[in-house]
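Take a look at the structure below.
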Number of protein chains: 2
Amino acid sequence: MSSVSKALELMTFFSGARPEIGLSEMRRLAGRDKATTYRHLQALQVFGLIEQNPETKNYRLGPALLQLAQLREQTVPRKAAARTAIQRLAEVAGETTHVSVMSGNTLYALDSCESEKHSTRAIIDISIFPLHATASGLCALAFGAPDLLEMAQADLKPFTASTPLTQDALAAAVADVRRSGFGKSFGTFEADIHSLSAPLFDQDGHFAGAVSVASVATRFGPTLERTIMQGLVAASKDITKNWGGRVPQDIEHKWEATLGGHTEMEHAT
Amino acid sequence: MSSVSKALELMTFFSGARPEIGLSEMRRLAGRDKATTYRHLQALQVFGLIEQNPETKNYRLGPALLQLAQLREQTVPRKAAARTAIQRLAEVAGETTHVSVMSGNTLYALDSCESEKHSTRAIIDISIFPLHATASGLCALAFGAPDLLEMAQADLKPFTASTPLTQDALAAAVADVRRSGFGKSFGTFEADIHSLSAPLFDQDGHFAGAVSVASVATRFGPTLERTIMQGLVAASKDITKNWGGRVPQDIEHKWEATLGGHTEMEHAT
DNA sequence: AACCGACGGTTCAATATATGAACCGATTGT
DNA sequence: ACAATCGGTTCATATATTGAACCGTCGGTT
C-alpha cells in the first residue's frame, strides 16, 4: 500500500456519526503509527482536504472539498441528473430512495430522497454501501467487475441476523440478482428494512451504480414490490440516459421477464 | 515534499478551464516523471477522488468528492451560512461578490454571487486567490498569519500592468489595508476590475477568509466605494457571526474610522 | 505502407523517502 | 502527587518511492 493511499484512507474514516477525529483516535482507526498518521494528516491539511477544529484540535473534513466537488459537478453533473429521477421514484413508491455510484471497488452513496407519504420511513445514513448486505451492493456484485464478488466473499461482515455469512449464500443471492435484474435485500443490512435496487450503466454498458428503494418491512408486500420494480426500471433508464450511459439489452429483457411473468396481476392495466 | 503532497497537488491542476487532464499533460503540469504521476493518479483514482473518462482516457475529478463535500457541509455548513450575506451584498452593491476561506497558506474561493443590476459584470472564475494581486488576498496578508507576507513577497507573479511587483509595493498595499480595514485591488488582478474586500474571522479572532466585491472599473467612484464598504462591513459581521467567529474590536474601529472620515481618499500612498 | 511522434502504461535497479520507538510538554482525572 | 492521555517531535533505520528506458497503440504525414 502506497503512502498516498494510506493518507487518503484517513479521509474515509469521517462520517455523519463521526465528523471529527483526534490524532490518537485516527491512529487507532487506521492501525498505523502516530507519527505517520500525524504527517499524513498534515499533508491533507495543507491542501485543505481536512482542517483542525481549533477548539478541540480534532480533525475534520476541509473547505477545499467544497471547491473540488463544485468543479466535479460542473464537469460531470451526475447528482443533479439523478435527483429528479429518485424524487419521482420516492413519490410513486412512497418510500425512501437512494442512488449510488461505483468508483474503483467501492459503491458510494450519491444522494437520497425521502417520501412524505408515511410518517415512518427508512433513513439509511451510509456513505459506502456494503456490497454483500445491501440491494445496491448485490447489483454491483451481479453486474460489476467479476473480482468484486471474490473481494466481498473475503469480508462477510454481519450486520443483522439475515446478513449472508457464507460464500455460497452470497453467491446464491447474486445469482438471483443476475437472473431477475433486481437487487434484493430483505433485512440483511437493517433488520426492518426491505430494499430493492436496479443497476445503472455507463457509456460502455458497464455497471456504474445503482438506484434503490428502502421500504419499511411491515409495509412490504407483492403489490408494493411490483410498484417499486416498475419505478426502478424507469429510474434506472432515466438516470443511465442522463449520465450518458446505456442499459444493455439483456438487462432490459430480464426486467421485462421478471415483471411480465413472475408477479400475479392484482388488477389489469 | 512528501509523496502524499505530490499526489494531492495533482488535484489542484483541475479547473473550470481545464476539467480533464491526460497523463502526459499532468506530468508536464506537475513537472514530475510520468511513472510517478501515473502511480499518484492511480492512488487518487482508487479513492474516487479522480476518475478516468473512459472515452478519452483523460483524468477528471471523481465522485467521492461529492460525498466528502456533503459531509463537510454537514459538519461545517459555512457556504450556506455565507450565501445569504453575499447575495444581499451583491444586491446593494449591484456588483459581483465573493467569499473566500483561508486554509493553511491558501485562500480558496468558496462561493460567489452576481448581481442582476447591470448587463456587464465582473466574472472572476478563480478557485485560489493570489494573495498579492487580489483584494481578498491583501486582507489575508494584512490580517492573517505573519509568514504569509514573506511567502507572497517571494512569488510576485504579474497578472496585469498594475500588479505589485516589488516587495516594497506589496508591503505598502498591505499597510494600507491594515490601516483602513479594507482590502483594495484596483486592476491588479484583472485590468478593468476594481475590488474591495473585508476580512472574516474565526472563533479566536484570527483571519478566516474574506468577502469581496468586484466592480467594473468604469462604474467605480467615491459613491459606489462607500456603498460597497458599508455593505462589506455588514457582510463580514454577518458571515463571521454565522461561522461562529467574532470580529476583533480594533478591526471594527478601523472600519468606523475609514467610513466616518473622508471616503474620497486617493488610493496613492 | 512505412514512418514518425505522442499517447497511456510498465519495469527494475538505485536511492530518496517513509517509518516508528522513544520522547516531550500539556492536560485531565484520581 | 501520580498516572494516563492527549497532540506533537525527533532521528536512526529500512522500506517504499523514483525515473530512465521500454512497450504497444494510435493518428497524422510522407
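Note that the structure is predicted; figures quoted are calculated from it, not measured.
- Taking atom CD of B/Gln45 as the reference point, atom C1' of C/dG8 lies 12 Å away to the nearest angstrom.
- Between chain B and DNA chain D, the heavy-atom contact criterion of under 4.0 Å yields a 5' to 3' nucleotide range of D/dT17 to D/dA20.
- The minimum heavy-atom distance linking B/Leu10 with B/Ala30 is given by the pair CD2-CB, 3.7 Å.
- Scored by the side-chain contact (heavy atoms from CB on, under 4.5 Å) test, B/Tyr38 finds B/Leu23, B/Gln42, B/Tyr59 as partners (sequence neighbours excluded).
- We find the OG1-CD1 distance between B/Thr134 and B/Ile126 to be 6.0 Å, quoted to the nearest 0.5 Å.
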Expected string for nucleotides 24-30 of chain C under the B/S/- scheme (protein heavy atoms, under 4.0 Å, primed atoms plus P, OP1, OP2 as sugar-phosphate) is -------
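- For A/His40, a side-chain nitrogen or oxygen approaches OP1 or OP2 of C/dT19 to under 4.0 Å.
- Applying the ring-ring contact (aromatic ring centres under 6.0 Å, His included) test to residues at least two apart or on different chains, the pairs with a partner in residues 132-157 of chain A are A/His132-A/Phe159.
- If you check residues 2-12 of chain A against DNA chain C, the residues with a heavy atom closer than 4.0 Å are A/Ser3, A/Lys6, listed by number.
- With C/dG8, C/dT19, C/dT11 as the candidates, the nucleotide lying closest to the side chain of B/Ala35 is C/dT11.
- What separates CD1 of B/Ile50 from C1' of C/dG8 is a distance of 14 Å, to the nearest Å.
- At a threshold of 4.5 Å between non-hydrogen side-chain atoms, the residues B/Arg18 and B/Leu29 count as touching.
- When all heavy atoms of A/Gly183 and A/Val177 are compared, the pair lying nearest together is CA-CG2, 3.8 Å.
- Here C/dT11 presents its P atom at 13 Å from CD of B/Gln42, a figure rounded to the nearest Å.
- Residues meeting the salt bridge (Lys or Arg N to Asp or Glu O under 4.0 Å) test with A/Lys79, sequence neighbours left out: none.
- Across every non-hydrogen atom of B/Met11 and A/Leu49, the tightest pair is CE-CD1, 4.0 Å.
- Non-hydrogen atoms lying under 4.0 Å from DNA chain D are contributed by A/Gly22, A/Leu23, A/Ser24, A/Arg28, all within residues 18-28 of chain A.
- Listed for the A/Ser236 side chain is no donor-acceptor partner under 3.5 Å among the backbone atoms of A/Val233.
- Annotation: the terminal axes of the helix from C/dA1-D/dT30 to C/dT30-D/dA1 meet at 40°, where each axis is the rotation carrying the C1' atoms of four end pairs onto the next four (5 pairs per end, rounded to 10°).
- For A/Ala35, the side-chain contact (heavy atoms from CB on, under 4.5 Å) partners are A/Asp33, A/Arg39, not counting sequence neighbours.
- Listed by chain and number, the residues in a side-chain contact (heavy atoms from CB on, under 4.5 Å) with B/Ser100 are B/Leu107, B/Phe129, B/Ser136, B/Ala210 (sequence neighbours excluded).
- The salt bridge (charged side-chain N to carboxylate O under 4.0 Å, His left out) contacts involving residues 144-158 of chain B comprise nothing, where partners must be two or more places apart or lie in separate chains.
- Residues A/Ala140 and A/Leu131 approach most closely at CB-CD2, 4.0 Å, considering heavy atoms.
- B/Leu71 pairs by the side-chain contact (heavy atoms from CB on, under 4.5 Å) definition with A/Phe14, A/Leu61, B/Gln74, B/Thr75, not counting sequence neighbours.
- Although no hydrogens or angles enter the test, the distance criterion places no donor-acceptor pair under 3.5 Å between the side chain of A/Arg32 and the main chain of A/Thr37.
- Contacts of A/Arg39 with the nucleic acid, taken as non-hydrogen atoms under 4.0 Å apart, include base atoms.
- The two residues A/Ser5 and B/Phe47 come nearest to each other via the heavy atoms O-CZ, 3.4 Å.
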